[in-house]
Participant: 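Take a look at this one; I'll ask things after.
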Number of protein chains: 2
Amino acid sequence: VTLGGDAAERFAVEQGLKLESENYFFTQYRWDAMVRLRGTNETPLSEDVVVKLDPGSPEAAGTVGAVALDWAGNLAASTSSGGTTNKFPGRVGQAALIGAGVYANNATCAVSCTGQGEAFMRGVAAYDVSALMEHRGLDLAAAVELVIGQRLPGRGGLIALDRHGNFALPFNTEGMYRGWVDPTGKPHTAIYDTLQEWPLLKS
Amino acid sequence: VTLGGDAAERFAVEQGLKLESENYFFTQYRWDAMVRLRGTNETPLSEDVVVKLDPGSPEAAGTVGAVALDWAGNLAASTSSGGTTNKFPGRVGQAALIGAGVYANNATCAVSCTGQGEAFMRGVAAYDVSALMEHRGLDLAAAVELVIGQRLPGRGGLIALDRHGNFALPFNTEGMYRGWVDPTGKPHTAIYDTLQEWPLLKS
């Protein structure tokens with residue numbers, strides 16, 4: 001079940017997680033961006049504005065997600081986010097929400113999303129990929145193309161993996177930080193939309 | 001977007017909503033139930049335990065939802081909940097979550113859910129009704145029967161309405177408080193599963 005606000009932090013402490021002070025999370029780059037935007041309604045995505053401002057900065061990453069398939073055929077998805085810059089206090093974005101920002105089902109796929117939270121919530125985008133595969137019989141590539149290219153009512157991207165090991169990393173933003181490990185164990189990373197960075201592995 | 005914890009309350013105040021003190025929400029019946037369950041892991045649904053204990057009590061209602069279709073063809077859904085008795089502090093149930101507990105789309109249907117929050121979140125149940133209609137071409141009655149009768153990984157019910165005015169009020173619990181107004185303006189209400197309380201109106 002979902003926990004919000006202080007209750008989530010209390011639960012983490014009860015479970016023995018180690019907490020860091022707020023200083024631990026401070027970066028000048030993010031602070032400056034927040035000060036610049038404070039008092040406006042702007043909440044830029046790292047996938048657009050921040051990528052454009054400083055593509056090489058390690059602080060330019062926002063949401064962090066992972067999808068995985070184990071040898072027994074279990075699919076898993078995970079999404080973590082600090083939210084958007086200048087966000088509304090107490091905002092719960094799509095990252096934490098099953099169906100909107102994260103979803104996994106051994107029968108279909110594992111999906112982790114990043115982008116405009118409101119769009120992913122309205123589109124129930126992570127589950128939509130699975131529903132298109134299960135209910136309409138699409139393969140992973142066709143399902144994610146439809147969700148990110150046409151159905152999502154906003155901007156963002158996702159990483160997805162099906163039960164055969166096929167994966168897709170689509171986005172409709174300027175760029176999306178992404179990486180994968182191929183069957184030989186070689187890691188690959190990419191930021192912008194260049195074709196050779198989009199191999200489809202077949203199991 | 002979703003707001004959690006104190007931030008949701010602050011937002012309500014900023015928007016000019018009138019707040020009541022905690023006393024306003026006190027009922028002896030609910031207090032006794034909470035005291036009885038405190039220290040256990042039980043979080044009974046009003047649809048099961050409480051209905052059985054005292055079916056006539058007005059305090060036995062938990063989640064309150066509504067679905068509506070206007071003359072212009074707009075579908076809307078709304079869900080409100082105090083959560084389950086003896087719930088974990090800070091718990092955000094399915095009621096607040098688009099896709100899990102509430103969903104509306106003019107192309108398909110409006111859905112509002114009640115029951116075990118975790119099951120509705122895992123099954124992305126509200127959106128699943130819409131996805132079965134859109135992606136698999138099912139009508140509303142077939143879609144809700146599949147979701148509540150087979151696909152939901154737990155217990156609960158929902159109220160749903162399609163763009164033609166057909167509605168369905170399925171549940172897999174002991175009972176579900178429900179009501180509707182027929183085209184003549186006559187109101188109907190029901191708690192348990194009796195056939196004559198399930199008319200399907202055609203527009």
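Everything quoted here is computed from the prediction, not taken from an experiment. Labels below follow one simple rule: chain letters A, B, ... track the order of the sequence lines, proteins then strands, and each chain is numbered from 1.
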Participant: Write out all chain B-chain A donor-acceptor pairs shorter than 3.5 Å, or none if the list is empty.
Facilitator:
unit_1, atom_1, unit_2, atom_2, d
B:T2, O, A:V92, N, 2.7
B:G4, N, A:G90, O, 3.1
B:G90, O, A:G4, N, 3.1
B:V92, N, A:T2, O, 2.7
B:Y127, OH, A:D128, OD1, 2.5
B:Y127, OH, A:R151, NH2, 3.2
B:D128, OD1, A:Y127, OH, 2.5
B:D128, OD1, A:H135, NE2, 3.2
B:E134, OE1, A:R151, NH2, 3.2
B:E134, OE2, A:R151, NH1, 2.7
B:H135, ND1, A:R136, NH2, 3.0
B:H135, NE2, A:D128, OD1, 3.2
B:R136, NH2, A:H135, ND1, 2.9
B:R151, NH1, A:E134, OE2, 2.7
B:R151, NH2, A:Y127, OH, 3.2
B:R151, NH2, A:E134, OE1, 3.2

Participant: Measure A:A131 against the heavy atoms of chain B and call it side chain, backbone, both or neither at under 4.5 Å.
Facilitator: both

Participant: For chain B, which candidate among A:I98, A:L132, A:L138 shows the most heavy-atom pairs at distances under 4.5 Å?
Facilitator: A:L132

Participant: Would you say that A:V92 contacts B:V92 through its side chain, given a criterion of any heavy-atom pair below 4.5 Å between the two side chains?
Facilitator: no

Participant: Go through the atoms of B:L97 and report whether side chain, backbone, both or neither lie under 4.5 Å from a heavy atom of chain A.
Facilitator: side chain

